[in-house]
Amino acid sequence: MFGEQKVSFSGVQPSGNLTIGNYLGAIRNFKEYSEQYKTFYCVVDEHAITVRQVPADLRRRTYETLALYLACGLDPQKNTLYVQSMVHEHAELGWILNCFTMFGELSRMTQFKDKSARHADNINAGLFTYPVLMAADILLYQTDVVPVGIDQVQHVELCRDIANRFNQIYPDTFTIPTAMLAKNGKKIMSLADPEKKMSKSDENQNAVVYILDDRDTIIRKFKRAVTDSGSEIRFDPQKPGVSNLITIYSCFTGKSIEEIEREFEGKGYGDFKLAVGEVTADALADVQSRYREFLSDKAQLEAQMKRGAEEASYYARRTLSKVQKKLGFVQIH
Ligand code: AQP
């Protein structure tokens, strides 16, 4: 909370092409806070380097992610849209918070366990302390709410613990944030393995629908999606493949699960998968065309990056300076 105004903060890593999981679980929900909250939405490039990135790809995806924020309807007049590495306070507060985070806490993070298993040749300290930098991202803006997918809830919980610990020693420093999950779409699963989250870094291209996939590709991927035994279109934990498709259909049409089950009663998986592909492609078409427009104007995107970083820095500086003062760092103005 800054003054009287509540704050919403979230970020997306430019670590790959964004998926409909990133869209439905996070980005699509950012906008609803724009009217009543002070909102900060960040492209978290510093998080992305916890896994090796090709520099040219990281740079390109940083522009692309910002263009997608704009294409998803985030108005830069109402939202502070910026790139994390352009606001140095994130890394500085990250270091300070490292000294208030316990080794045991970080060892329990499931994303660290998953990612270190997937990148066994590069289990770097940054991968381990990633949630501390995320806590700094959030706490710098005195954030009240963090719209995220379910996979990030554990990190927001840790952020709360770090903030409470810091506040106990140095009272009234940080606002305690709350994770906000999408009502529908908080965890979109892989099309190839519905027990696994859909992830932008999945090597199996058929497991993932990207926001920018063309219509034919989207429909083809849904046609190939793994479904379960039987033929009924029914939402059921025993049928994770079909249930995931029902969730996606519901997210893009706004229909309830019961309505969808009724709509497809007596129909087969083939018809249903085609319908999911079509509604997804229809819903993404607008975002895609706006995205192409925003991406084509690089100068405009750079101007936004600069403006966004200046706006964010103003707030970040205030919190960092407060923290430094409380810690006893010498400040000479
Ligand atoms: N499958 C998903 N369903 C719902 N929400 C999701 N999110 C990610 N995947 C799903 C949410 O998207 C936001 C941005 O994610 P991120 O870029 O911070 O990284 P992540 O959570 O690690 O997402 P990925 O796609 O799995 O990236 P990689 O493969 O690079 O690790 C977050 O709010 C996240 O919850």
Side-chain angles (χ1 to χ4, degrees), residues 8-33 39-54 57-58 61-62 64-66 68-69 72 74 83-84 90 109-119 122 126-127 130-131 133-135 137-138 143 145-159 177-205 207-212 221 225 240 243-245 247-248 250-252 280:
S8 167
F9 171 92
S10 198
V12 174
Q13 296 183 65
S15 50
N17 296 324
L18 301 192
T19 73
I20 57 168
N22 301 129
Y23 179 67
L24 297 173
I27 305 173
R28 185 169 86 151
N29 312 304
F30 291 173
K31 210 170 119 184
E32 72 180 77
Y33 298 95
T39 52
F40 297 89
Y41 298 123
C42 183
V43 181
V44 288
D45 54 348
E46 289 174 331
H47 285 281
I49 62 162
T50 53
V51 171
R52 291 277 173 267
Q53 302 291 335
V54 175
D57 290 347
L58 181 64
R61 289 200 203 105
T62 301
E64 290 173 353
T65 307
L66 184 68
L68 258 179
Y69 277 176
C72 290
L74 293 175
V83 177
Q84 183 187 31
H90 286 250
M109 295 295 112
T110 52
Q111 196 180 74
F112 171 69
K113 292 184 206 162
D114 291 349
K115 285 205 173 169
S116 46
R118 271 195 282 144
H119 304 279
N122 182 24
L127 194 62
Y130 165 117
L133 180 58
M134 179 165 158
D137 300 340
I138 296 168
T143 300
V145 296
V146 191
V148 281
I150 213 163
D151 61 314
Q152 291 294 343
V153 169
Q154 195 186 30
H155 292 159
V156 179
E157 291 296 321
L158 176 64
C159 170
T178 305
M180 300 299 277
L181 292 174
K183 285 174 206 77
N184 204 359
K186 56 185 176 291
K187 191 171 188 188
I188 301 298
M189 309 308 282
S190 152
L191 297 190
D193 177 359
E195 304 284 355
K196 215 175 88 183
K197 185 187 86 139
M198 184 181 284
S199 253
K200 60 174 112 69
S201 57
D202 198 318
E203 277 164 18
N204 180 357
Q205 300 287 302
V208 183
V209 176
Y210 300 107
I211 301 177
L212 299 173
K221 286 181 176 176
S243 299
N244 186 39
L245 297 182
T247 300
I248 295 170
S250 166
C251 284
F252 283 122
T280 304

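Note that these values count all heavy atoms, side chains included, but never hydrogens, waters or copies made by symmetry. Just follow the structure's listing: the first ligand is 1, and inside any ligand the first atom is 1.
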Which atoms of ligand 1 are found less than 4.0 Å from any heavy atom of Val12? 14 (C), 17 (O)

Any idea which atoms of ligand 1 are less than 4.0 Å away from a heavy-atom of Lys187? 3 (N), 4 (C)

Less than 3.5 Å between some nitrogen or oxygen of Pro147 and one of ligand 1, yes or no? no

Nearest non-hydrogen protein atom, atom 26 (O) of ligand 1: Ser199 OG, 2.5 Å

Using a 3.5 Å distance criterion without hydrogens, assess whether the side chain of Asn29 forms a donor-acceptor pair with backbone atoms of Pro147. no

Heavy-atom contacts with Gly25 under 4.0 Å: which atoms of ligand 1 show up? List them by number with element. 4 (C), 5 (N)

4.0 Å heavy-atom contact, Leu24 with ligand 1: no

With a sphere of 6.0 Å drawn around CZ of Arg52, does it hold more than 12 non-hydrogen atoms of other residues, nucleotides or ligands? no

Contact atoms of ligand 1, heavy-atom distance to Val148 under 4.0 Å: 33 (O)

With a 4.0 Å cut-off on heavy atoms, does Met189 reach ligand 1? no

Out of Gln152, Gln111, Arg28, who gets a non-hydrogen atom closest to atom 32 (C) of ligand 1? Gln152

What is the nearest protein non-hydrogen atom to atom 13 (C) of ligand 1, stated with its residue, atom name and distance? Ala26 CB, 3.6 Å

List every atom of ligand 1 that sits less than 4.0 Å from any heavy atom of Lys186, numbering the atoms from 1 in the order shown and giving each element. 3 (N), 4 (C), 5 (N)

When you measure from the side chain of Tyr41 to the backbone N and O of Val12, does any donor-acceptor pair fall under 3.5 Å? no

State whether the side chain of Arg28 and the backbone N or O of Cys251 hold a donor-acceptor pair below 3.5 Å, judged by distance alone. yes

With heavy-atom distances below 4.5 Å as the criterion, would you say the side chains of Leu191 and Val209 are in contact? yes

Residues Arg61, Leu18; criterion side-chain contact (heavy atoms from CB on, under 4.5 Å); working and verdict: CA-CA 9 Å; Arg61 289 200 203 105; Leu18 301 192; over 6 Å; no

Got a sec, which pairs hit ring-ring contact (aromatic ring centres under 6.0 Å, His included) with one end in residues 8-27, sequence neighbours left out? Phe9-Tyr141

Atom 33 (O) of ligand 1: which of Ala179, Gly149, Ser201 has the nearest heavy atom? Gly149

What protein heavy atom sits nearest atom 30 (O) of ligand 1, and how far off is it? Ser15 OG, 2.8 Å

Under 3.5 Å donor-acceptor, Lys221 side chain and Val208 backbone: yes

Within 4.0 Å of some non-hydrogen atom of Gly185, the atoms of ligand 1 are 4 (C)

Output, in order, the C-alpha distance, side-chain angles, deciding distance and verdict of side chain to side chain donor-acceptor pair (under 3.5 Å) for Asn184 and Ser250. CA-CA 8 Å; Asn184 204 359; Ser250 166; 2.7 Å; yes

Mark yes or no for whether Ser190, through its side chain, and Ala192, through its backbone, hold a donor-acceptor pair below 3.5 Å. yes

Distance to 0.1 Å, residue and atom name: give those for the protein heavy atom nearest to atom 25 (O) of ligand 1. Lys200 N, 3.0 Å

When distances are taken from atom 19 (O) of ligand 1, the protein heavy atom at minimum range is Gln13 NE2, 3.3 Å

Using heavy atoms and a 4.0 Å limit, tell me yes or no: is Lys115 in contact with ligand 1? yes

Please state whether Asp151 comes within less than 4.0 angstrom of ligand 1, counting heavy atoms only. yes

Starting from atom 1 (N) of ligand 1, find the nearest protein heavy-atom neighbour and note its residue, name and distance. Ile188 O, 2.8 Å

Any chance NZ of Lys200 has more than 12 other-residue heavy atoms, nucleotides or ligands included, within less than 6.0 Å? yes

Sub-4.0 Å heavy-atom contact, Ala48 with ligand 1: no

Backbone or side-chain N or O of Lys197 under 3.5 Å from ligand 1 N or O: yes

Taking everything shown except Leu58 itself, do over 12 heavy atoms lie less than 6.0 Å from its CG? yes

Distance from atom 6 (C) of ligand 1 to nearest protein heavy atom, with residue and atom: Gly21 O, 3.4 Å

Tell me the protein heavy atom at minimum distance from atom 12 (O) of ligand 1, and give that distance in Å. Asn22 ND2, 3.2 Å

Option passing side-chain contact (heavy atoms from CB on, under 4.5 Å) with Leu24 (candidates Thr19, Thr280, Ile188): Ile188

Are the side chain of Gln154 and the backbone of Thr110 linked by a donor-acceptor contact shorter than 3.5 Å? yes

